[in-house]
Protein chains: 2
Amino acid sequence: MPRQVDYEDRRRRIAEAVCTLIARSGMEAVSLRDVAAQANVSMGAVQRCFRTKEDMLLFVLEHISQRVSERANQRIATASTPQAAATLLSHTLAELALLDEGSQTQARVWLAFITHASANEKLAAVLHDTYAKLHELIAWLVRYGQNTGEIPQHLDPTREAHTLLAVADGLTVHVLAGHHSPEVALSILRRHVDHLLQ
Amino acid sequence: MPRQVDYEDRRRRIAEAVCTLIARSGMEAVSLRDVAAQANVSMGAVQRCFRTKEDMLLFVLEHISQRVSERANQRIATASTPQAAATLLSHTLAELALLDEGSQTQARVWLAFITHASANEKLAAVLHDTYAKLHELIAWLVRYGQNTGEIPQHLDPTREAHTLLAVADGLTVHVLAGHHSPEVALSILRRHVDHLLQ
DNA sequence: ATGGATATGATGCAAGTGCATCGGAAAACA
DNA sequence: TGTTTTCCGATGCACTTGCATCATATCCAT
């Protein structure tokens, strides 16, 4: 038996390297050589992990999609003290919008993939899936708010969730475009959520 | 005196070619050779028009920024029959969100530039400028709606404009990501504007 | 016509790309 | 320890890239 390697782990480490490179200088600047160097492995190792570059990028998208979803879900699941639905909603959306300083990298990567998805069916499929899940999550939170009486019953949770997600993603774009600072974006987001309540 | 060429016109034609290519297969797939072929000129002509590829891309961004702004402004200026402020607002935002089928190309290009701007200061400056102008435009429309009595006085036009622009851009992203059809996105946008009125 | 300034486009070039290949290193068994 | 099986990483290869070069074609004032 030959030496065994934890491929999943290595794949994740390579994915992180790819994200770093994409955030630093855009998706077209990602070459297999640079990825290998950034991940501190040889090019051969990268090639062994992923059959082609396209496969690699697909894995990276799935990786970050999963991370975003998981973080949002955990934020809700681990709410130790029973929080107001509005707070939960606001915090979850802020997380999804990748507003805090440390998430700027992920925001860049996310947008890069959206841009690319227009020209790549597989990437588009992953994105479609992820957005469906995120929408479901937000709609659930809105319904929860209606149950606690914080959000008016007459609102359609599905529709409101669509708007909320749009605001969140729009603000992500605005921060990336330099139109807003993360702080301002956050306050705009909060105000929109508060507006739901009255 | 040698033969004279209308450089501005040629630059615009080349810019259109670049947009077509970006929309078709992403920004990294844009090579000078492809641009020349698409614009039906020789590579030498492209090189004469733009000192470097970066210069070319910068011009393209300025070009489409201008086009978007102009279209939105004209939409307002040429409103022959005095329209309801709400209608004007809704239509203008729909235009900015590049929702209709024919604008998908521009949406892709726009997003590609936003993605790139993170790694390029000059592009970022142009984007910043454009967004500032667009925000001003929307805020003006909100104030106009307040003057006609359609929009409640107690709302802050600046803040509302920020949210409106975020919804518009968020929907652009969602359509591009395949999360919404343009029609659904439009209805979400309309509903959000209607929500302002009551 | 003619001279001269300018635009053109084919070609060259070094650098970088993704991917294929393969000799040998490394580890788990016997 | 020796064998076997997997993995690694250096190298090669065909191709594309952005940009520089330069002989040629093109046009205008004389």
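Chain letters run A, B, ... following the sequence lines, proteins first, then strands; residues in each count from 1.
- Comparing dC19(C), dG9(D), dC19(D) by their closest approach to the side chain of Ala45(A) singles out dG9(D).
- With dG18(C), dA7(C), dC7(D) as the candidates, the nucleotide lying closest to the side chain of Tyr7(B) is dA7(C).
- Within the nucleic acid shown, Arg10(B) comes within 4.0 Å of sugar-phosphate atoms alone, with no base atom in reach, counting heavy atoms only.
- Taking only side-chain atoms of Asp34(B), from C-beta outward, the nucleotide of dT17(D), dT17(C), dA20(D) with the closest atom is dT17(D).
- Both Val41(A) and Arg33(A) sit near DNA chain D, but only Val41(A) has its closest nucleotide nearer the 5' end.
- Summarising the geometry, the separation between CG on Leu57(A) and C1' on dT17(C) is reported as 14 Å, rounded to the nearest angstrom.
- The side chain of Arg48(B) lies closest to dA7(C) when the candidates are dC19(C), dA7(C), dC19(D).
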Less than 3.5 Å apart, which donor and acceptor atoms pair up between the side chains of residues 12-21 of chain B and the rest of the protein, not counting sequence neighbours?
unit_1	atom_1	unit_2	atom_2	d
Arg13(B)	NH2	Ala39(B)	O	3.1
Glu16(B)	OE2	His63(B)	NE2	3.0
Glu16(B)	OE2	Arg67(B)	NH1	2.9
Thr20(B)	OG1	Glu16(B)	O	3.0

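- Note that OG1 of Thr163(A) is 7.5 Å distant from CG of Leu171(B), once rounded to the nearest 0.5 Å.
- At a threshold of 4.0 angstrom between heavy atoms, the contacts of Phe50(A) with the nucleic acid are absent.
- In this structure, CE of Met27(B) is placed 15 Å from P of dT17(D), rounded to the nearest angstrom.
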Yes or no on side chain to side chain donor-acceptor pair (under 3.5 Å) for Glu54(A) and Thr52(A), after CA distance, side-chain angles and deciding distance? CA-CA 5 Å; Glu54(A) 197 188 340; Thr52(A) 68; 5.0 Å; no
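- Here the closest heavy-atom approach between residue Ser181(B) and residue Val175(B) is recorded as O-CG2, 4.1 Å.
- Rounding to whole angstrom units, CE of residue Met43(A) and P of dT11(D) are separated by 12 Å.
- Residue contacts for Val30(A): at a heavy-atom cut-off of 4.0 Å it reaches the sugar-phosphate backbone alone, with no base atom in range.
- Counting to the nearest Å, the P atom of dC7(D) and the CZ atom of Arg11(A) are 11 Å from each other.
- In this structure, Leu32(B) atom CG and dA20(D) atom C1' are separated by 13 Å, rounded to whole Å.
- One can place CD1 of Ile14(B) at 13 Å from C1' of dA7(C), the figure rounded to the nearest angstrom.
- In this structure, Gln47(A) places its CD atom 11 Å from P of dT21(C), rounding to the nearest Å.
- Ring centroid separation for the pair His180(B) and His162(A) comes in under the 6.0 Å cut-off.
- If Gly44(A) and Ser31(A) are placed on DNA chain C by their nearest nucleotide, the residue sitting closer to the 5' end is Ser31(A).
- Remark: Ser42(A) is not in phosphate contact with dC8(D), judged by side-chain N or O atoms under 4.0 Å from OP1 or OP2.
- Counting to the nearest Å, the P atom of dG18(D) and the CD atom of Glu54(B) are 13 Å from each other.
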